[in-house]
Amino acid sequence: MLVAERSGDQWVGLTWGEARTQVDRIAQGLLDRGVTDRPVLVLSGNSRLHLLVMLAGMAVGAPVVPTSVAYALRSADHAKLRAMAELIEPGLVVAEDLSFAPAVAAVGDGRTVLSRDGDVAGSVSLAEFGADPTSEVDRRCHALRREDVAKILFTSGSTGTPKGVLTTHGMLSANQQQMRQVWPFLGSEPPVLLDWLPWSHTFGGSHDLNMVLVNGGTL
């Protein structure tokens, strides 16, 4: 099992194989819609959808921008989200479910919107978005360079407008190599983590999540 999340009183999970199949299909959907040269703005907490979209975007070179849930669900004017969208000009906006509909309305005008079930107005469902992958998905992935941007993580905005911080594929890889040198047991003991840290921060979204991905663990 790669990842499991709570749904009511049940754990709902994705195996590594299931995740790979869905990631490839979403990546092809990004290619088919011509948005791989622009960032993917994610309005969601930690979830299976969030993970699949994140990996698909990074696989074909589209920088992923995970946002703080508070910006979408606790703001009346969504000023911070609007500022972020104006700065990065996303090609795709991803919304987990209907609770994010007001935030989508604030930043999704004229943009492709993907939601889990397609219930957000103007959105495409995850099932409709994906397509059978072509060799272009693998070609794009193999062509990635260390200096290519994997994520744009925004600061809290506590002292002004949130500022985007570029995180490259090389930075993420180097960090995991450092961790393996400090914790060599990761190579033989795949980590199993129960984690709540938000993926809009480096601790949860880069340190912990990537430790599971690199070492074949379970989150």
Side-chain angles (χ1 to χ4, degrees), residues 5 35-47 49-51 53-58 61-115 120 123 144-179 182 193-214 219:
E5 64 175 318
V35 294
T36 56
D37 60 339
R38 295 167 63 189
V40 175
L41 183 66
V42 182
L43 309 179
S44 172
N46 302 359
S47 70
L49 173 64
H50 189 161
L51 176 62
V53 169
M54 181 191 305
L55 295 177
M58 290 197 293
V64 180
V65 189
T67 61
S68 169
V69 172
Y71 296 167
L73 300 185
R74 297 184 183 177
S75 173
D77 59 6
H78 299 105
K80 290 182 178 179
L81 274 184
R82 292 178 191 273
M84 293 163 65
E86 290 175 5
L87 182 64
I88 65 171
E89 297 184 352
L92 176 70
V93 176
V94 181
E96 181 71 26
D97 52 37
L98 268 176
S99 66
F100 291 88
V104 171
V107 299
D109 187 34
R111 299 182 169 105
T112 301
V113 178
L114 165 65
S115 65
V120 177
S123 70
L144 288 171
R145 301 165 298 173
R146 293 180 57 85
E147 60 268 27
D148 289 334
V149 177
K151 297 180 183 181
I152 303 174
L153 295 174
F154 275 82
T155 60
S156 66
S158 56
T159 59
T161 303
K163 301 170 182 64
V165 180
L166 303 182
T167 305
T168 66
H169 285 271
M171 291 162 65
L172 295 177
S173 298
N175 180 229
Q176 291 303 312
Q177 176 61 22
Q178 291 164 344
M179 289 166 61
V182 174
L193 303 184
L194 179 62
D195 193 23
W196 63 270
L197 291 171
W199 292 344
S200 55
H201 293 180
T202 55
F203 199 164
S206 296
H207 181 285
D208 289 358
L209 177 58
N210 287 348
M211 178 168 56
V212 168
L213 292 171
V214 168
L219 182 64

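The distance from the OG1 atom of T202 to the CG atom of L197 is 9.5 Å, given to the nearest 0.5 Å. Distance check, rounded to the nearest 0.5 Å: NE2 of H207 to CD of Q178 gives 10.0 Å. With rounding to the nearest 0.5 angstrom, the CG atom of L114 is 11.0 Å from the CG atom of L43. We find the OG1-CG distance between T168 and L144 to be 11.0 Å, quoted to the nearest 0.5 Å. Taking CZ of R82 as the reference point, atom CG of D77 lies at 7.0 Å (rounded to 0.5 Å). Note that the CE atom of M58 and the CG atom of L213 stand 7.5 Å from one another [nearest 0.5 Å].
Tested against V40, the residues L92, T112, V93, V65 include a single side chain to side chain contact (heavy atoms under 4.5 Å, CB included) partner, L92. Applying the side chain to side chain contact (heavy atoms under 4.5 Å, CB included) test between F154 and each of V165, T67, I88 identifies I88 as the sole match.
Of all the heavy atoms in G45 and H50, the pair that sits closest is O-ND1, 3.0 Å. Closest heavy-atom contact between V113 and G108: CG2-O, 4.2 Å. Pairing each heavy atom of R38 with each of P90, the nearest pair is NH2-O, 2.9 Å. Between T155 and Y71, the shortest heavy-atom distance links the atoms O-OH, 3.2 Å. Annotation for E96 and S47: closest pair OE1-OG, 2.7 Å, computed over non-hydrogen atoms. Considering every non-hydrogen atom in both V35 and G91, the closest pair reads CG1-O, 3.5 Å.
Side-chain N or O atoms of N210 include one that pairs as donor or acceptor with a backbone N or O of S206 at under 3.5 Å. K151 places a side-chain N or O within donor-acceptor distance of the main-chain N or O of G205, the cut-off being under 3.5 Å. The backbone N or O of R145 lies less than 3.5 Å from a partner atom in the side chain of D148, making a donor-acceptor pair. A distance-only check finds no donor-acceptor pair linking the side chain of S115 to the backbone of A95 [under 3.5 Å].
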Residue pair V64, V53: steps toward the side chain to side chain contact (heavy atoms under 4.5 Å, CB included) verdict: CA-CA 8 Å; V64 180; V53 169; 5.6 Å; no
Side chain to side chain contact (heavy atoms under 4.5 Å, CB included) between L49 and D97: does it pass, once the steps are laid out? CA-CA 10 Å; L49 173 64; D97 52 37; over 6 Å; no
Dump the intermediate steps for side chain to side chain contact (heavy atoms under 4.5 Å, CB included) on M211 and L193, then the final yes or no. CA-CA 10 Å; M211 178 168 56; L193 303 184; 3.7 Å; yes
Checking L73 against S99 for the side chain to side chain contact (heavy atoms under 4.5 Å, CB included) test, could you report, in this order, the C-alpha distance in whole Å, the side-chain angles of both residues, the deciding distance, and whether it holds? CA-CA 7 Å; L73 300 185; S99 66; 4.2 Å; yes
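Side-chain atoms of L219 and D208, non-hydrogen and from C-beta on, never get closer than 4.5 Å to each other.
For E89, the CD atom sits in a loose shell: 12 or fewer heavy atoms of surrounding residues, nucleotides or ligands are nearer than 6.0 Å.
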